Amino acid sequence: MINVKLKDGTSKQYEKGTTVIDIARDISEGLARNICAGLLNGDVVDIRTPILEDCELNILTFDSPEGKRAFRHTASHILAQAVKRLYPQTKLAIGPSTDDGFYYDFDREPFTLDELEEIEKEMKKVVKENIKIERFELPRDEAVKFMEEAGETYKVELINDLPEDAVISFYKQGDFTDLCAGPHLTSTKAVKAFKLTSVAGAYWRGNEKNKMLTRIYGTAFTKSEDLKLYLERIEEAKKRDHRKIGKELGLFTFMDEGPGFPFFLPKGVVLKNTLINFWREIHEKEGYVEISTPMILNRQLWETSGHWGHYKNNMYTTVIDDDDFAIKPMNCPGGLLVYKSTQHSYRDLPVRMGELGVVHRCEKSGQLHGLMRVRCFTQDDAHIFMTPEQIKDEIKGVVRIIDEVYSLFGFKYHVELSTRPEDSMGSDEDWEVATNGLREALDDLGMTYVVNEGDGAFYGPKIDFHLEDCLGRTWQCGTIQLDFQLPLRFNTEYVGADNEKHRPIMIHRVVFGSIERFIGILTEHFAGNFPTWLTPVQAAVLPISEKFHDYAEKVVETLKDSGIRVQADYRAEKIGYKIREARLQRIPYLLVVGEKEAESGEVAVKSRGEDLGAKKLDVFIKEIKEEIDSKAR
RNA sequence: GCCGAUGUGGCUCAAUUGGUAGAGCAGCUGACUUGUAAUCAGCAGGUUGGGGGUUCGAGUCCCUUCAUCGGCUCCA
């Protein structure tokens, strides 16, 4: 007999060799029906796993991330089974679960939408057939032979690349068997609610030098109601697409004449400038100075910085008087030149130099995506030059700024710390000091973070901030990177208390990341309903008829004098029509003025569809100003 | 860059098997002077992304090119 400690803290005795699903069944029938995987001493295991010794066991259902993964992984096998039934010549590649669904890669002509429907039908059949899913293992040579005979060359390659000691397992469901580490459900029956969502190309093993395969994306849930909710959320996200809203609200647009180069329209510029003013405000408060460096600098500079050698493919270059120049893809070399233009004492450090630098990067056409991925963008960059002892405090300062900014907008975000990669420059000691500085700063601030071992830049470790948008997509925005390399390459110095020259450590950091991308994310996050302090037009004055235009003008002037961004609608239209348009423009405050208001010096206030009633104009101004000053959401 | 899809007035979309490019909204003109999400009427607006081809005839079929969309890879 063995002792199994369960999630609720209780322990139960089972015969040695009892499987995870047996234990679930022992606990309750319902649990046995919903089990997707087991968590055995902290490791995710297949539900068929026999328990051989005393352990801690947690039963995972679809409600857990691991359970979802197992469930959807089974869905991906059902997809592959359906494809093999309909198109037996298709070769299988891989088919994992993703954060919100699953996919399977096939070596075959791309599927048409009609074929996708056929596949979905066949999948429904497979589910209905209630096929038992069995697991078995094979020694390496037999596994290879098995897949070779099946003609599955990609699987053979996968097996050959498995580590020496790997257990090579297969999952069989009726006429379909796949190489797979699992875990899986025990029958196809449970996968009741699924949908194939799209077809796309994907490289074998994610390498662009490899063959392009055909990938089918899908998602699966235990209940059709949940699937429906998911699909509705996707629809809602589409409505929030910043490209659509940006156009509707007259914020920005794209033209064929400048692929990847956004055009900001008057209202978009107001939004952008408001964001920039806010940025300046907090950075001034935090002791930053602002610089502005040239857009075009000569080749020698880029060779010194290493960009000419390592980043040239992404740089636009030009020739001036027979010499090579490059349009800057990054601001750091310019910042370094500014630092070096005067001498620095240790007493001056840290030097915090901000720059709203417009950079150009030659991105490949297929990767452009609205404002999220462009060829020209404004980085809210800053470079901090400091002594090693100052690392920790400086990092903390930057993290505070980033947290303040993200929290202001109500963003969720997570933090990742990337450490020294294999191929890197600098001494062990430098890396140690720097990485510890980052780590201690995060620990001191009580931040939780993921550590990506070996994922840092070759010149130093970094902290990345990932925002979550309304689609659940994450965007890397803020980043803090330590750099020993550039100060070295540029022979950067400060004079220490010992009257000797020392090399400062440099931080590169951005908060928004790219103002353009950040505006894209904000647009989707708020679905165009920006907070009043940020929105391009804060109030619209809507006269009931021409008779009240004089009063409306007076209201507009008073609001303008108070610094409120206001517009008026003097067209000969009904009030309902004017309100509709102003609402569609997402203007937060609509001020209807007619006979009553003109007489009493009031405005009838409507905000985001809510009727706030008539208010004295000065009261309204006081209230909206308070809202703006507090930057309320 | 790669795989797939798409491209029709400012916007959103129509147009049997190839057979006269239409509508709504927006715009302009006029009437209405309006009380909380679309007043009515009239007018104007298009070499169907560009180029080439097949055909008596191309928005529709073919080639090519550009852009966009969904992915892959890369990334702020």
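Note: hydrogens, waters and symmetry copies are ignored here, and every other heavy atom, side chains too, is used. Quick caveat: nothing in here was measured; it's all calculated off a predicted structure. Below, chain A is the first sequence line, B the second, and so on; all start at residue 1.
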B:C13 and B:U8, which share atom name P, separated by this distance in whole Å: 9 Å
Distances under 3.5 Å only, N/O to N/O: pair up the protein atoms with those of nucleotides 41-51 of chain B.
none

Contact list for RNA chain B against residues 592-600 of chain A - heavy-atom distance below 4.0 Å: A:V592, A:G594, A:E595, A:K596, A:E597
In residues 577-584 of chain A, what donor-acceptor pairs under 3.5 Å come from side-chain atoms, sequence neighbours left out?
| from | atom 1 | to | atom 2 | distance (Å) |
| --- | --- | --- | --- | --- |
| A:Y577 | OH | A:E581 | OE2 | 3.4 |
| A:K578 | NZ | A:P543 | O | 2.9 |
| A:K578 | NZ | A:D569 | O | 3.0 |
| A:K578 | NZ | A:R571 | O | 3.1 |
| A:E581 | OE1 | A:R571 | NH1 | 3.4 |
| A:E581 | OE1 | A:R571 | NH2 | 2.8 |

A:S365 vs A:K462, nearer the 5' end of RNA chain B by closest nucleotide: A:S365
A:Y288: partners by ring-ring contact (aromatic ring centres under 6.0 Å, His included), with sequence neighbours left out: A:H283
A:K68: partners by salt bridge (Lys or Arg N to Asp or Glu O under 4.0 Å), with sequence neighbours left out: none
Under-3.5 Å donor-acceptor pair between A:Y203 side chain and B:G1 base: yes
Between B:G7 and B:A14 - C1' atom distance, rounded Å: 15 Å
C1'-based separation of B:A67 from B:G49 [nearest Å]: 7 Å
Gap between atom CG of A:L417 and atom CD1 of A:I463 - 0.5 Å precision: 6.0 Å
Nearest-Å distance once atom P is located in both B:G22 and B:A44: 14 Å
A:K606/A:D611 ion pair, N-O < 4.0 Å: no
Those residues of residues 213-221 of chain A lying under 4.0 Å from RNA chain B by at least one heavy atom: A:R215, A:Y217
Spatial distance of atom NZ (A:K84) from atom CG (A:L79) [nearest 0.5 Å]: 12.5 Å
